[in-house]
Amino acid sequence: KGFLAEMFLEKKFHNLVTNLIGRDLAYNTDPSLTLNLPNKASSKKNYLFKDWHQEIWSGSSASSIQIWTPIFQKDSCQGQLELMAESHKWGHIPHRNREPVEIPEDAVYKQLDVQQGDMVIFHSLLVHASVPNEHESPRFAFPQYVRNFHDKDSGFEDLKSWDNLNYS
C-alpha cells in the first residue's frame, strides 16, 4: 500500500494526473501483474496476451485512467503495448466477445518503446493491445487505475477496493 501511494505522489506523475482529472484522487488498492510469455503471441495460447480492446469493456469507468508500467523486462519493446493513437476520442467502440467490430480505416497504430519503470498513462477508452513477446524471457507489467473520487462510476469499479490519495 505504501509503495502505491508513493508511486502516485511522485511529483511529475502527480502533477500530470491532477491536471487531467483533478486533485481528489483515489487509486485501486488491489493491483495485479500482467505477464507476457515468450513465443505465445495469441490470446488463444496465452490468456494474458490481450488483443485490441478498451478497458471500459472489462468494467472500468469512463472517468478513470490506467497506468501501465513494465517492472521486469530484459529489453525495451519486449512484449509491451501497441495503441491506436487518439482512439479514446472515438468513444465506446462496438465489440462482440471483446473483439472490436468497427475500427476506422484511418486508425494510426503506435507501438510503444517503454523503459523499465516508465509509466504509460491512458484513458479507459483508448484502444490498445499486447505486443508479442519474441524474447526468451517473460515480461511483467503493473497495470493500475486512478480516478477522481468525486466522479460517478460508470462501470463496475465500485466492486474494487479504492483508497483516497489526495484531497483538493
Compare every heavy atom of [Y] with every heavy atom of [X], then report the nearest pair and how far apart it is.
X: Pro100; Y: Trp52; result: CD-O, 3.4 Å
X: Gly91; Y: Gln54; result: O-NE2, 2.9 Å
X: Leu126; Y: Ser87; result: CD1-OG, 3.4 Å
X: Val101; Y: Arg96; result: CG2-N, 3.6 Å
X: Ala62; Y: His123; result: O-NE2, 2.7 Å
X: Leu112; Y: Gln80; result: O-OE1, 3.4 Å

Identify whether [X] and [Y] are in the same connected component of the hydrophobic contact network (ILVMFWY, side-chain heavy atoms under 4.5 Å).
X: Leu125; Y: Ile103; value: yes
X: Met119; Y: Leu16; value: yes
X: Phe149; Y: Val17; value: no
X: Trp90; Y: Leu81; value: no
X: Met84; Y: Ile93; value: yes

Would you check if the side chain of [X] reaches a backbone N or O of [Y] as a donor-acceptor pair within less than 3.5 Å?
X: Thr18; Y: Arg23; result: no
X: Asn19; Y: Asn15; result: yes
X: Asp30; Y: Ser161; result: yes
X: Trp162; Y: Glu157; result: yes
X: Asn148; Y: His150; result: yes
X: Ser64; Y: Tyr145; result: no
X: Asp24; Y: Ser168; result: yes
X: Glu82; Y: Tyr109; result: no

In this structure, which one of His53, Arg98, Lys50 forms a side-chain hydrogen bond (donor to acceptor under 3.5 Å, both in side chains) with Ser58?
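Of all the options given, the one that passes is Arg98.
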
Is the His88 to Phe122 ring centre distance short of 6.0 Å?
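Aromatic pair excluded; centres sit 6.0 Å or further apart.
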
Residue pair Trp68, Phe142: steps toward the side chain to side chain contact (heavy atoms under 4.5 Å, CB included) verdict:
CA-CA 6 Å; Trp68 185 92; Phe142 180 65; over 6 Å; no

Do Pro70 and Phe140 have side chains that get closer than 4.5 Å, going by heavy atoms?
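Contact flag for Pro70/Phe140 side chains = no.
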
Got Val120 and Thr69 here, is their nearest side-chain heavy-atom distance under 4.5 Å?
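No, too far: nothing below the 4.5 Å cut-off.
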
In terms of relative ring orientation, are Trp57 and His92 parallel, tilted or perpendicular, with 30° and 60° separating the classes?
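Taking His92 first and then Trp57, their aromatic rings stand perpendicular (interplane angle over 60°).
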
Report the distance from atom [atom1] of [X] to atom [atom2] of [Y], rounding to the nearest 0.5 Å.
X: Arg147; Y: Asn164; atom1: CZ; atom2: CG; value: 9.0 Å
X: Asp51; Y: Asn97; atom1: CG; atom2: CG; value: 12.5 Å
X: Phe156; Y: Ser61; atom1: CZ; atom2: OG; value: 11.0 Å
X: Asn28; Y: Ile67; atom1: CG; atom2: CD1; value: 10.0 Å
X: Ile21; Y: Asp151; atom1: CD1; atom2: CG; value: 7.5 Å

Output, in order, the C-alpha distance, side-chain angles, deciding distance and verdict of side chain to side chain contact (heavy atoms under 4.5 Å, CB included) for Val131 and Gln111.
CA-CA 8 Å; Val131 172; Gln111 194 169 15; 2.7 Å; yes

Please assess His14 against Asn166 for the test side chain to side chain contact (heavy atoms under 4.5 Å, CB included), listing each intermediate value before the final yes or no.
CA-CA 9 Å; His14 185 261; Asn166 194 69; 3.4 Å; yes

Between Tyr27 and Gln144, does the side chain to side chain contact (heavy atoms under 4.5 Å, CB included) criterion hold? Intermediate values first, please.
CA-CA 8 Å; Tyr27 66 95; Gln144 182 61 6; 4.0 Å; yes

Using only heavy-atom distances, determine whether the side chains of His128 and Glu55 contain a donor-acceptor pair under 3.5 Å.
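Yes.
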
